Amino acid sequence: MTDQAASSSRFYLTTPIYYVNARPHLGHAYSTIVCDAIARRKRALGIDTWFLTGTDEHGQKIERSAKLAGRTPQEFATAISGEFRALWDQLGLTYDDFIRTTEERHKRSVQHLFATLRDRGYIYKGSYTGQYCVFDELYVDGPPGTPCPDCGRITETVSEENYFFKLSAFERRLLEFYEANPGFMQPESTRREVISFVRGGLKDLSVSRTSFSWGIPVPGDEKHVIYVWLDALANYITALGYGTENDEKFKKYWPADIHLIGKEISRFHCVYWPAFLMAAGIEPPSSVRANGWLLFDQGKMSKSRGNIVRAETVHAVLGADALRYFLLREIPFGQDGNFTFDALVQRYNGDLANGYGNLVSRVVNMVHKFFGGVVPQINGGYPIDEYPDETALRIRAGFTIEQFAKRFDELNFSQALESLWIMVAETDGYLTANAPWKKPADRSDADHTALQARVLATAAEAIRIITALVYPVLPDAAAKVWRQLGQGEIADAARASFLTHLAWGGLKPGTQFAEPAPLFPRAEKDAIERMVQIEEENNKSVIEAAGGPSPAQAEPAAAPAPTQEPKKKAEKKPMEETKPTPAPESAIPPATTAPASAAPAASSPTPAEVPAQAAAEEKQYISIDDFAKVELRVAQVLVAERIPKADKLLRLEVDLGYEKRQILAGIAQYYEPEKLIGRKIVIVANLAPRKMRGLESNGMLLAASLPPDGAPVLAGFLEEVPLGARLK
């Protein structure tokens, strides 16, 4: 169903509220820009739209980060929240409300929700002893030393009195809800993961903490603070006035049409949140849409990795529209997308400067040059069927209006823009084929003027259609073009619901064009260097400021990995991706280890011999060219099983993203096969195939070798990495 056919007269969409442990980066901007584009289009279709964003400011991690930064939690949260809001304003984002979870309006509503859940019998008091990840504010099943399944950091053991939410009572009800509402969770990978998690069994959830104080007090029992995820998720209704006397917005806009989130928080939004709402007697949201991660040179943007790119950097060099277009055009929504300055500049020059911008400039300038800036009359009307190229362009325009709407409504922004740029190219081709700037010797002045009028009026009308459609994505450029086409302010047109009646023929003869103005000056070769330099200078200034960490840098360090055998690691839950603490890398051959008799035992060196021995080892260098020949790639284990009569071998089937392959590994004595399934590993991908036990092995695993017996520990990652990513 397209927007034009939608029956709802109101639309409520939300971004995730961003955790204030770090300053905003491009990944945060991506989610918010997507919501802004949706909101702009909905409003231009005459739909009453409410767009919410904000910041999540409570929890143990914020309390610790503030202490490291030498600030109170409130000061720390206010500083980082201010950076988010300032950036959204700098980018011109049209949010209707910015909620902070430290605001009094939010606190009152959260306490009302907690009391409602307790009064309805879904909250009870108990105690919890177990593992907790402070970084993700996540309870984790497993023994002490268990790594967090989401971030890979080692969890802490907590033992405290808690209030518990009866999540286990909603297992069947949630599954029935998912089945009755197949569009509730998207993309399909998120849906599968969440359903698998729920089918694996739900345990009651601790919803309060007593070991720290930075949070919202439990009403009537103030030594408890409300679990940060119950606190944070409630923002979607507290911002609307839920539980207060001023709940008109809640009655009007709830349930939300779209919660747009990052895929790493799908479980909280698709399991905990609808269960909380059901327990409170509130209707769940209509849909939760998870976008993928924004990667920088194939690695997820993360402060701890030092690969953050700020939206301000792109804005300073190429402008906000360039950033918006790149993110929506380059990255299929719901999938991980890679950001590089090189790709950004290529897309900017190719699609915006040489494409749309150049087309507008050519047409507007020629209308001024040949017709004094006034849209000419075409033989008393617009093109008729005797001009097949004009007819084809009109047909293209009608098709594009319909196709763009359908794809945009499905959040398929990349293909929506692809279809629109086909029209840009066809309009440019039409203009070039008819060459109104060139008068053939055998054409009379009158005939040439008639051709110029016909071609330029037709091309200008095509530009009007293109500009109206692209407005939610390129609001600044669209506003400039709208004025150049003599249409006034596009913001006024949007308020008048101009997209509801968008059709060919809106640019009337006699319309006076404004003066031409540049849209997208071509990015020169130094654009990339300038953006890189800005990032380097920014990172340096942050590190050097005040001789220590800024609030955005004060995230607690991850705890060191415990010394334990790999086979003792906790089994991951069905929907969780394993991200183990990385270990030093060494290769595990896909075969049994060499027998002890292969070489005589060496005596331990004396202290005097150690420097000479170390010096000899240091000389065993390889060149960078030698290293470049080794192709190390990220893979995920799909199948792991023992090989009959081979005590040390496991047969693995792994997914590299672009292909699947079989690898034999001599780790059966150290890893249980079933606990490897789903794990991301590193393999040597270009090793020559080798046969063992009648099976072919196509690769080799990477791992550390621990003394005294060489026990392997598979290499992994703290951050999420895409399958097939190459290690360099």
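Just so it is clear, the model here is predicted, and its values are computed rather than measured. Just so you know, these numbers use all the heavy atoms, side chains as well, and skip hydrogens, waters and symmetry mates.
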Less than 6.0 Å separating the ring centroids of Y124 and Y163? no
Is the NZ or CZ atom of R209 both under 6.0 Å from the centre of the six-membered ring of Y132 and within 45° of that ring's axis? yes
Step through it carefully: locate the ring centre of Y139, locate the ring centre of Y227, and say whether they are under 6.0 Å apart. yes
Minimal heavy-atom distance between W254 and P284, with the atoms involved, is CZ2-C, 4.4 Å
Qualifying residues under side-chain contact (heavy atoms from CB on, under 4.5 Å), relative to E161, sequence neighbours excluded: K125, K223, H224
Quick check: W214 with F76 (ring centres under 6.0 Å apart)? no
Listed partners of T116 passing side-chain contact (heavy atoms from CB on, under 4.5 Å), at least two apart: H112, R120, Y242, A280
For the CZ atom of F51 and the OH atom of Y253, what is their distance to the nearest 0.5 Å? 14.0 Å
Quick test of your reading of the model: are E461 and R464 salt-bridged, counting only N-O distances below 4.0 Å? yes
Partners passing salt bridge (charged side-chain N to carboxylate O under 4.0 Å, His left out) against R100 (at least two apart in sequence or in another chain): E57
For T238 and R105: C-alpha separation, side-chain torsions, deciding distance, then whether side-chain contact (heavy atoms from CB on, under 4.5 Å) applies. CA-CA 7 Å; T238 66; R105 58 169 176 159; over 6 Å; no
Return the orientation label for the Y178 and F184 ring planes: parallel under 30°, perpendicular over 60°, tilted otherwise. parallel
So for atom CD, which belongs to E179, do other residues, nucleotides or ligands contribute more than 12 heavy atoms lying within a distance under 6.0 Å? no
For Q186, which residues count as a side-chain contact (heavy atoms from CB on, under 4.5 Å) partner, sequence neighbours excluded? R289
NZ (K107) with more than 12 external heavy atoms under 6.0 Å: yes
For residues 324-334, tabulate all N or O donor-acceptor pairs below 3.5 Å that involve a side-chain atom, not counting sequence neighbours.
residue, atom, partner, partner atom, Å
R324, NE, V473, O, 2.9
R324, NH1, D36, OD2, 2.7
R324, NH2, D36, OD2, 2.8
R324, NH2, P472, O, 2.6
Y325, OH, D351, OD2, 2.6
R329, NH1, S414, OG, 3.2
E330, OE1, R347, NE, 3.0
E330, OE1, R347, NH2, 2.9

Could you check whether H269 and Y236 have their ring centres less than 6.0 Å apart? yes
Heavy-atom closest pair (A496 atom, H501 atom, distance to 0.1 Å) is O-NE2, 4.0 Å
Rounded to the nearest 0.5 Å, what separation is found between the CD atom of Q335 and the CG atom of N291? 11.5 Å
Would you call the rings of W88 and F84 parallel, tilted or perpendicular, where under 30° means parallel and over 60° means perpendicular? perpendicular
Under the side-chain contact (heavy atoms from CB on, under 4.5 Å) test, residues paired with K251 that sit two or more places apart: D247
